[in-house]
S.K.: 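Right, I'll just put the structure down here and ask away after.
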Amino acid sequence: MLYEPEKIEARWRATWEEKGLHRATREPGRPKYFCLDMFPYPSGEGLHVGHWRGYVLSDVWSRYMTLKGYRVLHPMGWDAFGLPAENAAIKKKIHPETHTRAAMANMKRQLGEMGAMYDWSREVNSSAPDYYKWTQWTFLKLFEMGLAYKKGAPINWCPSCRTGLADEEVKEGLCERCDSVVTKKDLPQWFYAITRYSQRLIDDLEGLDWPEKVKKMQADWIGRSEGAEVCFSLEGHPDKLWIFTTRPDTLFGATYMVLAPEHPLVEALTTPEQKAAVEEYVTRTRTRSEVERQEQKDKTGVFTGACAINPVQGERIPIWIADYVLMGYGTGAIMAVPAHDVRDWEFAQAFGLPIRQVILSPEMARELCPGGDSEQIAARALDAAYQERFPVLPLDEAGTEPGIMVNSGDFSGLPSLEGKKKVVERLEAQGLGRARVNYRLRDWLVSRQRYWGAPIPIVYCETCGTVPVPEDQLPVLLPHVESYEPSGTGASPLANLPEFVQTKCPRCGGPGRRDTDTLSQWICSSWYFLRYASPDANEVPWRREEVDEWLPVDMYVGGIEHAVLHLLYSRFYTKVLYDLGQIGFKEPFKRLFNQGMITRVGTSGRLEKMSKSKGNSVNPDELVERYGTDALRAYLLFIGPPELDAEWNDSGIEGVYRWIRRVWNFVASGSFAEGAETRPEVLRLTHRYLKKITEDMERLHLNTVVAALMEWLNALSAWKQQESAPIALETVRTYLLAMAPVAPHVAEELWAQLGGEASIFEGGLAWPIWEPKHLVEDQVELIVQFNGKVRDRIRVAAGASREEIEGQVMALEKVVSALEGRTPRRVIHVPGKLVNVVLG
RNA sequence: GCGGGAGUGGCGGAACGGCAGACGCACGGGACUUAAAAUCCUGCGCCGCAAGGCAUGAGGGUUCGAAUCCCUCCUCCCGCACCA
């Protein structure tokens, strides 16, 4: 019988579906396992083998966990609302709704052919009213908590996507989706106050079984930094100027101040003589994009004409404005210490401002006091400070390292770390400062000026103001429109629909206008994993007992591109819902796995991430037709370590296809003995590979799992050929179980051919366990080395003593001739592995 | 600039203090075939007829023993990038 995958694969998938084999069920006594893929957006271009990689990985893992006896929830759904889906539709000039429906159907067919054990009864679709009703509900919950607010501010604007963007969606000044240069635009927008969760989002990273890289990317993005706020009074002006610094120990070295050009005090402070220059600079800054700012890193700025008073020694220092100080961070103002900050140094150099050293680095201290111990160094530094030797040593760059405070009044002589605390203490006592922690994270901009999304459930009423749509009036349906292209004016396409916009105020019944923006797709995907627990719930977003049953997600598989977008937002949402008492856990994803990309040389001639637009995509449909799904699955595992990128090789799949066919022929052509395996050699072989495969599975080293399956088959084939006695059926069945997660269709078929009545996946706890007793050998081979180089090998009895073995080694012909009568300097004996004879 | 990851045959990779190159791809030789495909057997890091020597980006170090640990450097990839 020939191996013809097309004849068995569809049949088994139909059988699995009929039996409801992949339905996740509640069943007391068996532990649950939630294995989740990041849900895709329906693209119309379908899936390429790069997409398959992650899905195959999670499916192999789900099937393995099933065989280990877990009740596995492995669902799939569609991130169907939002920019990616809408842009895909616009590109094809098809209405997003029509396009999305067709794309989902095609992708669902492809996912079906993959043979993944998805529980399709739980499919979710974020663009369906019964889903986005609850997306809107989450918005209302955040609104009630005061976490959703509207503010007018210059926002990130993508002129190509014609919508506002969150900071996380801007990469190096370019739009994350379309690479256009992001500009600034003044638009009132909805924000989520994610910054209130900054510290918790950092703290809870610790317990997560995630790649360290992703945890670090999140921690860096949130960007905690400890320092102090310091109050400067202003000369001839009643207001105070608050600044944030991480280096209060350098306060004596502040030689000028800088305000962000947007700082509220700029106008009031600027003197008449400087007014024109300052206004010109402010206007210029406002029109520059992030990219322009990044390209031109030379420091620019203008003097305001005003001066501030240093709170520690009363010195007058000039106040400048410059765009290297950002309004969005800290207080939007800094004290500049050019001697100890590289940016301030550059600015001072550019504008000829004074540089005063107030920290003596350990190297300089040594130079001033050669050969001295640390006390002498400190004393010498003190001496230098008291004598007001200024600067202590000529600086040729900013010294940012900690050291000893000098030129700092009675703080001189303190190590800078201690000085930080002392300076803050004194400022606090005088009411002129306080310790303070700042975060780099900004609040999350969630409104989009686009059509294809969940409408924001808010009504504006002239008498009641901003009124949330009551829960029982949800969903606010997205109207079907003919013209859905973004306007680009900042108004969403929905603003052109009077029948949508004009409504009644839910509070007073008077005339009201609906909010016409839609919610970012990142909101739809910030809670979808909860919906899988109760996809059919109508009256609630999810049933508490079902969420408690299945969540949190035990294993989450997806690309690293979501390291700070989706994963940060989902963690925030989970914490908010926890605070609301809606769920009982604080982190959504216990374990995270980022699969590597599949790359291939594209039209550009370079090795790039696979995608249709780069002309390097490989369609799985054709490969499935030619080699079958099982071969493609196995090849995507075999291609390399799953966490690393891998280059697609067109002929690489041949190897795994041949392996599967050899398994087929091995089983189909064989006559096997009934009952258990008795020969220790075959048992040893079986358990050796079982051990290797189980251990590699646990570590997710799926490439070596496939390699071990190949080796195991090669060994069994060789054994079958050379021995007259047939191999036991049990041995073959064990092999099929071990290969089942990788190649489920062929394993299932051969299992049935060997008389299996139920599905190979139905056993529960069917994963074969390796047993140490079968691995024991009576003889072991040891390597014999001279000076660490392999020169010979010997077989010794497994229980042989050290003396026996070394005696045997010393008697070896090669050893005798190498020694030439001398005594070895040393003999290293690693039991079970080697004997290393160290010659003189 | 700062931070992280990676450099092993013609190629993908394995080993992660103890036999470097498992398992495959490609390629060479052979069997079967009228022939081809498929399949099977066999060879395959480099130098050398061989014995042997040399080999894990480069150089140093630790160790009886280093692809693996440490230091310096080079190259590539990724993240962040005026966040005070």
S.K.: So among A/Lys692, A/Lys691, A/Arg699, which one has a salt bridge (charged side-chain N to carboxylate O under 4.0 Å, His left out) with A/Glu695?
M.R.: A/Lys691
S.K.: Under 6.0 Å from the six-membered ring centre of A/Trp712 and within 45° of its axis: does the NZ or CZ of A/Arg688 meet both?
M.R.: no
S.K.: Students often mix this up, so state it plainly: with edges at 30° and 60°, are the rings of A/His562 and A/His566 parallel, tilted or perpendicular?
M.R.: perpendicular
S.K.: Mind calculating the distance between CG (A/Asp167) and P (B/C80) to the nearest angstrom?
M.R.: 12 Å
S.K.: Under 4.0 Å, counting only non-hydrogen atoms across every strand here, what does A/Asn703 touch: a base, just sugar-phosphate, or nothing?
M.R.: sugar-phosphate
S.K.: How many Å lie between CE on A/Met217 and C1' on B/G4, as a whole number?
M.R.: 10 Å
S.K.: Is there a donor and acceptor pair, one atom on the side chain of A/Lys833 and one on the base of B/C19, closer than 3.5 Å?
M.R.: no
S.K.: Any side-chain N or O of A/Asn714 under 4.0 Å from OP1/OP2 of B/G24?
M.R.: yes
S.K.: Report the residue (A/Val656 or A/Asp344) whose heavy-atom-nearest nucleotide on RNA chain B is the more 5′ of the two.
M.R.: A/Val656
S.K.: Figure out the CZ/P separation between A/Arg826 and B/U63, and round it to whole Å.
M.R.: 10 Å
S.K.: Any N or O donor-acceptor pair under 3.5 Å from the base of B/C19 to the side chain of A/Arg793?
M.R.: yes
S.K.: On the nucleotide B/C64, are OP1 or OP2 found under 4.0 Å from the side-chain N or O atoms that A/Arg825 carries?
M.R.: no
S.K.: Whole angstroms only, please: what is the NE2-P distance between A/His263 and B/A84?
M.R.: 16 Å
S.K.: Does any donor-acceptor pair link the side chain of A/Gln785 with the base of B/G18 at a separation under 3.5 Å?
M.R.: yes
S.K.: With A/Lys720 as the cation and A/Phe666 as the aromatic partner, state whether NZ or CZ is under 6.0 Å from the six-membered ring centre and within 45° of the axis.
M.R.: yes
